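All figures in this text were calculated on a predicted structure; none of them were measured in a lab.
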Amino acid sequence: MVETELEPEVVQIFKLINEGHNFLLSGGAGSGKTYSLVQVINHAFDEHPTAKIACITYTNAAVREIAERVDHSNLSVSTIHDFLWDNISQFQVELKKCLVDLLKSGDLKSNLAQEALDYSFFDSVEEGIQYKEYLRIKDGIVSHDEVLILAESMYERYGKLRNILIDKYQFIFVDEYQDTSPKIVKILLKYLQEQKRTNTIGFFGDSMQSIYDDGVGDLQSYIESKIIEEVPKAQNRRNPQSVIDLANQIRTDSITQIPSDDMGAPNMKDGKIVPGKTTFLYSSSKSINQVIKSYETSHFEGWDFANSKETKQLNLTHRLIAEKADFSELYEIYDVDPILKFKSSLVDKIKEDNIEIADDDTFEHVARAVPLKNRQKENKLDLILADPKLNSLFGQLKDLPFTEVRKIYVSKDALLDDKKIDTDAQAKKGSKRDKLIKHLFKIQTNILLYKEKRFNEFIQKTDFPLRFGRDKQTLRDTIESFASNQNKTIGEVIEEADRTGICLMDDNIQSFKRENSYVFSRVSSLPFSEFQNLFFYLEGFTPFTTQHNIKGDQFKNVLVVLDNGGWSKYNFEYLLDDSIYASLKPAKKKSYPDILSRTKKIFYVCCTRAMRNLVVFYQNPSPSIIENAKRIFGESNVYEV
C-alpha cells in the first residue's frame, strides 16, 4: 500500500508515530474507525514487516471482524481480558504474590481466612492460577473482574513485565477504547511510559459512545498531558443528512460530523448525501405498540417490523421489551421473584446483625425469627402470608432448611444472556444461560429444525424413533402441538419432549430440577408460548433489542422508544427539557450532570444506527418537551399520534 492510498487521518497518525508519539483516533458514529484501524495495521506491517502487533477490542465479534480483515501471522487480535491473561499467566510466582496481597488488602474479596493467607497459599494448586468464566478463589480460579485487578497490580509492581510487553509488541492498538477499563489504560499510558524502552500505543473510538459504566469514557487527561495526540475523524459514511444534523446537536465534544467525500459510501446516492427522514412522535393516550399496529400515520410507511435485519425497535431495558414481546412472566421470575427477593433481604439482615442460624432451621423459622419491615413499617412476612399467590410460593420453600434455600439464586443474565442482534449473528463464547433455559433452547431449536424441513439435523439432535410410517404422523402431530401454542405449559412440553425423544432430559436438566426445584416449578407452570417468545427475541427474529445491545450495528429503519423503564441512571426528560433542572431537589441536582451525560450518549448511539429512517417516540410528554423536540428535530418533523 502506498501512502497516497491512505486516509488523511492515517497519514497524520503515521506522522505522529514517526515522531515517537502515542495517538488517539476519535471518530463519530459511522466514520469508519474500523477501516482506519485496518489501514493503520496494514501500513504498520508495510513499514515494519517483522513487527508484532497486538490489537485488543471489547467483544469477540469485533475480534472476528478485525482478524478476518487483516491476515498476518504477526498480528494478535483478542479481547481485553484474553490479552491481559495471555501476557501475565506464565508469571505464576508473581501472580500468586499479587493475588495474596490483593486478598489481604481487601482489593479482592473472598471468604478465605486472613491468617491463612501467605505467599505459599496457592502453591498446592497444581494447575497454578487459572482464568475461567466463574470465580473460585480458594482453588486459584479467577474470573473477568479479577484479571483486570491482577494485571494492573502486576504491571504496577514489576518493571520486568512492562519491558517484556514492550519488547513483545512494537505496536499495541486498542479498538473501542471508550469501553476499555481505566485499569488497562493506566497500564498502557502510565506504567509502560515509565520504562526507558518504548513502543507505540494507539487508541480508536468515540467518547460519545461510552455507554458502559466500567469503561474509561474518554482520554482527555492523557491528551492534556501530551501522553497521547488526538486525531479527529469528522466524516460520516452511515447516516443520512437528517440523522447527522440531529447527532451533531447531541454531541458534547469538538467533533462536528460531515458527510463522507466517498461517493461509494452507504449514505451517498448519485453523488449526494441521502436526506433520510427523522421524526419525533408523541402520544398522550397510545403506546408505541398501538401506534405501530394501527399504522394510523405514514411515519412507518415501508417499514417491515418482521424483518429484524432491516428494522429495529430500541428500548432501554429488557423489562420494557419483555412486556412488548410477551415473555414478562418469565422475566419476572428471573429478575424480581418476590420470595427469592425476600430471601435475599433475610440473608443481608443476617449478615448485617451477625445472627446465628442453625443448620436445621427452616426457611419459615428464619423468616419469623428475623423480622423484616418495609418503608411503611409493615412486616414483610405478614404481607407475603396475606397474599394468596405469594403465600402459595412461600409454601413451596417454607419447610426446607434455610441453608438450602439461601443457595437458590437466579439472575436475568441466566435468562437473557447471548442476545443476537439478528438471526445471522453468531453465538458468543461462554453463555451465562442456566441449564433450564439451555434445555428449553434445545427443545425449541429441534422444533424449528423440523418446521424448516432440516430433517437430517433434526434426526442427529433427537432420539425420536422413526421405525414405522405412523411414527412420522405422531412426530408431526407432536411438533405441531408444541409449535402452535395449544395451551401447553413449559413443564408439559419438557415431559412430552423427553417421552417422545424429541429432546431427552439429560443430566444437566435433571440436576437443575433437583437443585433448583423452586425455579423449575415456577418456570414449568408458565405457558410454553412465554418461552417461545423469549426464544424468538434472543435469537434475533424480532425487531426488539436493548439500546445498549445495538452499538456497532446499523439498520435501514430505527425506532427509538424514550422510556426510562424505571432505570434511575437514565432520564429522557432531562434530555428533552433543559428547564427541569431548576425544579429539582438538591440531591437530584447533584446527580443531574452524570445522568444527563449518560442519557445523551445512549440517545446518540441509538439515533446513529439509522441508515435511512429514524423515528423517536415519547409517551405523555410535557409541553416543554414538545417545544424542545420541535427545536431539535424541526417543527415539521414533530407529530402527535
Side-chain angles (χ1 to χ4, degrees), residues 1-16 23-43 57 61-62 65-66 68-70 173 175-178 202-210 229-279 309-310 312 550-558 560 601 603-614 632-634 637:
M1 180 182 294
V2 295
E3 191 166 282
T4 54
E5 296 175 319
L6 299 177
E7 291 182 318
E9 296 86 0
V10 175
V11 173
Q12 189 176 348
I13 284 171
F14 276 94
K15 184 176 183 296
L16 292 171
F23 67 88
L24 161 64
L25 177 79
S26 292
S31 63
K33 293 182 293 295
T34 303
Y35 180 79
S36 298
L37 170 61
V38 169
Q39 273 209 336
V40 169
I41 294 172
N42 281 324
H43 193 64
T57 189
E65 180 184 1
I66 294 166
E68 287 170 358
R69 292 170 70 170
V70 182
F173 299 136
D175 183 33
E176 299 289 354
Y177 83 86
Q178 69 277 357
F203 295 88
F204 298 77
D206 180 11
S207 62
M208 275 301 295
Q209 296 186 65
S210 59
E229 298 286 337
E230 185 175 20
V231 177
K233 189 176 188 184
Q235 68 170 295
N236 184 312
R237 299 170 48 83
R238 174 194 299 151
N239 302 129
Q241 186 66 61
S242 59
V243 173
I244 292 175
D245 293 341
L246 174 64
N248 281 335
Q249 293 187 70
I250 304 167
R251 289 196 73 94
T252 56
D253 60 5
S254 60
I255 293 179
T256 299
Q257 289 193 279
I258 57 175
S260 169
D261 56 7
D262 177 6
M263 295 300 102
N267 58 358
M268 303 296 288
K269 185 176 181 181
D270 299 329
K272 296 181 180 179
I273 180 74
V274 173
K277 187 177 180 183
T278 301
T279 309
K309 294 182 177 65
E310 186 177 274
K312 282 296 172 189
I550 201 73
K551 193 159 76 73
D553 291 295
Q554 55 190 26
F555 300 91
K556 178 182 177 182
N557 309 308
V558 173
V560 184
K601 288 176 179 179
F603 186 59
Y604 175 84
V605 167
C606 290
C607 292
T608 54
R609 302 310 98 192
M611 300 181 72
R612 289 296 181 271
N613 304 304
L614 170 69
I632 295 170
F633 289 82
N637 297 317

I want to check something: taking the side chain as every heavy atom from C-beta on, are [X] and [Y] in contact at a cut-off of under 4.5 Å?
X	Y	answer
Phe173	Thr57	no
Thr34	Arg69	yes
Met268	Ile273	yes
Thr256	Arg251	no
Ile550	Phe555	yes
Lys277	Ser242	no
Tyr35	Arg237	no
Gln257	Val243	no

Looking at every heavy atom in both [X] and [Y], which two are closest together, and how far apart are they?
X	Y	result
Gln39	Glu7	OE1-N, 3.0 Å
Val70	Ile41	CG1-CG2, 3.7 Å
Pro240	Met611	CD-O, 3.4 Å
Pro259	Gln241	CG-OE1, 3.4 Å
Ala247	Tyr604	CB-CE1, 3.6 Å
Thr608	Val605	OG1-O, 3.2 Å

Once you round to the nearest 0.5 Å, how far does [atom1] of [X] lie from [atom2] of [Y]?
X	Y	atom1	atom2	value
Leu246	Phe633	CG	CZ	5.0 Å
Asn267	Ile244	CG	CD1	5.5 Å
Ile13	Leu24	CD1	CG	9.0 Å
Gln178	Gln209	CD	CD	6.0 Å
Asp175	Lys33	CG	NZ	8.5 Å

Practice problem: Indicate the ring-plane relationship of Phe204 and Phe23, choosing parallel, tilted or perpendicular according to the 30° and 60° boundaries. | Solution: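 Ring orientation of Phe204 relative to Phe23: perpendicular.
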
Do you see a donor-acceptor pair shorter than 3.5 Å between the side chains of [X] and [Y]?
X	Y	value
Gln235	Ser260	yes
Asn613	Asn557	yes
Asp245	Gln249	no
Ser210	Lys601	yes

Exercise. List in chain and number order the residues that pass salt bridge (Lys or Arg N to Asp or Glu O under 4.0 Å) with Lys309, two or more places apart in sequence or in another chain; answer none if no residue qualifies.
Key: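 Partners of Lys309 under the salt bridge (Lys or Arg N to Asp or Glu O under 4.0 Å) test: Asp424.
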
Quiz prompt | Salt-bridge criterion met for Lys272 and Asp270 (N-O under 4.0 Å) | solution =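 A salt bridge is absent here (no side-chain N lies under 4.0 Å from a carboxylate O).
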
Quiz prompt | Candidate list Val231, Asp253, Ile255, test side chain to side chain contact (heavy atoms under 4.5 Å, CB included), partner Ser26, passing option | solution =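 Exactly one pass, corresponding to Ile255.
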
Exercise. Let me know which of Glu230, Glu9, Gln12 forms a side chain to side chain contact (heavy atoms under 4.5 Å, CB included) with Leu25.
Key: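 So, applying the side chain to side chain contact (heavy atoms under 4.5 Å, CB included) to Leu25 and each of Glu230, Glu9, Gln12, only Glu9 qualifies.
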
Exercise. Could you go through the side chain to side chain contact (heavy atoms under 4.5 Å, CB included) check for Thr278 and Asn637 one step at a time?
Key: CA-CA 7 Å; Thr278 301; Asn637 297 317; 5.7 Å; no

Practice problem: Begin from the C-alpha positions of Asp206 and Lys551 and carry the test salt bridge (charged side-chain N to carboxylate O under 4.0 Å, His left out) through to its verdict. | Solution: CA-CA 12 Å; Asp206 180 11; Lys551 193 159 76 73; over 6 Å; no

